[in-house]
Number of protein chains: 2
Amino acid sequence: MAADQVFTVRGDAELVTRAGHLFTSVRQEFVCAARDPDTWSLPAARQVINNNMQATGLDVSKLLSPAALADEAARLHLHEVASKGVHVRISSTPLPHETIIIDRRVMILAGRDRPGPREYTVTTSPTLVGGVYALFQAAWETATDLADFLHGDAPHLDADSLAVLRALGAGHTDETAARQLGLSLRTYRRRVAELMTKLEAASRFQAGLRVGELRLNS
Amino acid sequence: MAADQVFTVRGDAELVTRAGHLFTSVRQEFVCAARDPDTWSLPAARQVINNNMQATGLDVSKLLSPAALADEAARLHLHEVASKGVHVRISSTPLPHETIIIDRRVMILAGRDRPGPREYTVTTSPTLVGGVYALFQAAWETATDLADFLHGDAPHLDADSLAVLRALGAGHTDETAARQLGLSLRTYRRRVAELMTKLEAASRFQAGLRVGELRLNS
DNA sequence: AATGCGATGGCAGCAAACTGCCATCACCCG
DNA sequence: CGGGTGATGGCAGTTTGCTGCCATCGCATT
C-alpha cells in the first residue's frame, strides 16, 4: 500500500534531514496555515522561497490566527512579509496545528506545540493532500485579508455598548429598547450617541452599516 | 513507523469492509465536508448516526458547497436533515474532496470523484487528524448557516436603490441626499422606505446592519 | 381624444430621534 | 464633613424621519 507516502518525524532536526529537500523543491505554490508565523523558521527554506518569489511567480499564502498579531513585533514582521508579495490572511479560529502544502503535492502537518520535540507528518498522497488543500481553500476564502483586518480598527466596545447594539439591531424603537435594558430614554439615547461617535457615524444607518461591515455584531 | 495508521482503499465495497466499523463506532462527533450530501450514503452508518443523535448528544456537522443546493430535492433533504439536529453550513468553495472526521480520532478522505472506483484514505494519526480538524474548524467558523444562506436572499437591488443606499451610507440627511440625487424629499424617503421593506428592516439602523452583513454595499 | 396607470412631488401631521439644560444621586478624595 | 466628579434621568425644544392624502405629469393603451 501507500505506506511510503506518509511518514512521521520528531523534532526539527529530523524534519530537516528527511524533508528539507521538499522545502527547497517548491516551484509554484507554498501555502501555510498556522497559529503564528514564527513556528516555521527553517532558514534555508525561507531563502529558497524568497528567491523563487522574485524570480518565478511563486505564490505564497499564509493563513494565520489573530494570535499572530498579538505583539507589535509580529505585526511588523507580517507587514514586511506581505509587502514582499506574500498573501496573508487572518482566520478567526485558533489553528493550533501548523499545515504546509507545497505545490499541491506535498503536505506537512505539525502536531500541537507541546513539551518535547514536535511531531511532523509528511505526506505526498494525492488524496490526503487534495482533501486538505480543499479545506484550506475553504478557510482561506472566507478569511479576511491582513490589511483589512488591521485597518478595520474595530473600536473597543464594552458589554454595555454591545447590549445597546443588539437592541438597535433588533429593530426596536428607543423606548422599548430602553425599557428592555432598564435604562431611561435619555440615557439610552446617550449610549446610542456615544456608540455613533465611536463608529464615526453620522446617521443610524451608517452606524448599522459599520457594525455589519466590521462584523461587530454576532 | 506509523504505517498502520494510514491506509488507502479503492471503491465503496472495500471501504465498508475495512472501515465500516469506524462509522458505526462514532460516539460524540461526526463532521463531514463534501461537495454535496449524497456521496456518503452508507446506510448502516446513517442508521447508527440517527440512533446516536437521538440517544446520546451526538454532534453532527456537515459543511457543503453551494452545489448541494442545486436542485429542489437536495434542498428538501438538507432541510430534513437539519431539522433532526444536524448542523449544516454552506461554504463558498467547491470542496471537491470529501472529508469525514469521527470523534476527532479517525479521518476519511475521499479522492476526487472520477471514473472508476473512488479512492479513500483512512487515518487515525493524531497529527493528521488534528491538523485537518483545525482547518475544518476554520472553514466551518466562517461558513454561513443553511437557514441564513437560504433565507438571506440578498434582495435584488437595481441601480436606483444602490444610489439611495450609497447616499444613506454616506451619512447624509435626507434633504441633502435627495438634492444630490435630484429627487424630491418625498420620493427619496419613499425610496428609503421601499429599501427597508426589501431588507425587512424595522429601523434604519437595522437596514444598515443588513446591508453591511450582506455586503450589499462595496 | 379619452382613459388608465404609475411615478412624482407638495403638504400636513405625526412619530421618532437628537440635544441642551438642570436636578439628583452615588462615590471618591482631601 | 464638604466638595468635586461622573453617571443618570427628567423636561423641553428642535430636528429629522415617516406616511397618508391628493394634485400633477408623462406615457401608453384603447
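The basis for the numbers below is simple: all heavy atoms, side chains too, and nothing from hydrogens, waters or symmetry mates.
- When rounded to the nearest whole Å, the span between CG of A:L195 and P of C:dA17 equals 15 Å.
- Taking atom CG of residue B:D160 and atom P of nucleotide C:dA7, one finds them 11 Å apart after rounding to whole Å.
- Of the candidate nucleotides D:dT8, C:dG20, C:dA7, C:dA7 has the atom nearest to the side chain of B:R191.
- Per the geometry, CE belonging to A:M196 stands 18 Å off P belonging to C:dA16, to the nearest Å.
- With distances taken from any side-chain atom of A:R189 to the nucleotides D:dG9, C:dC18, D:dT19, the minimum falls on C:dC18.
- Within 4.0 Å of A:R204, counting heavy atoms only, lie sugar-phosphate atoms of the nucleic acid but no base atom.
- Atom-to-atom, CZ of B:R186 to C1' of D:dT24 comes out at 15 Å; the value is rounded to the nearest Å.
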Margin query: Go through it in stages, so that I can follow the logic: the residues are B:T93 and B:S91, the test is side-chain hydrogen bond (donor to acceptor under 3.5 Å, both in side chains), and I'd like the CA-CA distance, side-chain angles, deciding distance and then a yes or no.
Written below: CA-CA 6 Å; B:T93 37; B:S91 174; 3.1 Å; yes
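- At whole-Å resolution of the value, CG in A:L183 and P in D:dG10 are 11 Å apart.
- What separates CD of A:Q206 from P of C:dA17 is a distance of 18 Å, to the nearest Å.
- For A:F205 and D:dT16, the CZ to P distance is 18 Å, given to the nearest whole Å.
- Set against C:dG9, C:dA7, D:dG9, the side chain of A:S184 has D:dG9 as its closest nucleotide.
- Residue whose closest nucleotide on DNA chain C sits further toward the 5' end, between B:S203 and B:L185: B:L185.
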Note to self: Quick one, B:Q180 with B:Y188, criterion side-chain hydrogen bond (donor to acceptor under 3.5 Å, both in side chains). Give me CA distance, side-chain angles, the key distance, then yes/no.
What the structure shows: CA-CA 10 Å; B:Q180 193 177 320; B:Y188 175 76; over 6 Å; no
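- Between B:R204 and B:D174 there is a salt bridge, with a side-chain nitrogen of the basic residue lying less than 4.0 Å from a carboxylate oxygen of the acidic one.
- Less than 4.0 Å separates DNA chain C from no heavy atom of any residue of residues 171-181 of chain B.
- What you find for B:L95 and A:A138 is that their closest heavy atoms are CD2-CB, 4.1 Å.
- Under 4.0 Å is where a charged nitrogen must lie from a carboxylate oxygen, and between B:R118 and B:E98 at least one such pair does.
- What separates CG of A:L168 from P of C:dA16 is a distance of 15 Å, to the nearest Å.
- Using a 4.0 Å cut-off between charged nitrogen and carboxylate oxygen, A:R104 and A:D59 do not count as a salt-bridge pair.
- Nearest approach of B:D103 to B:R27, heavy atoms of both residues: OD2-N, 2.8 Å.
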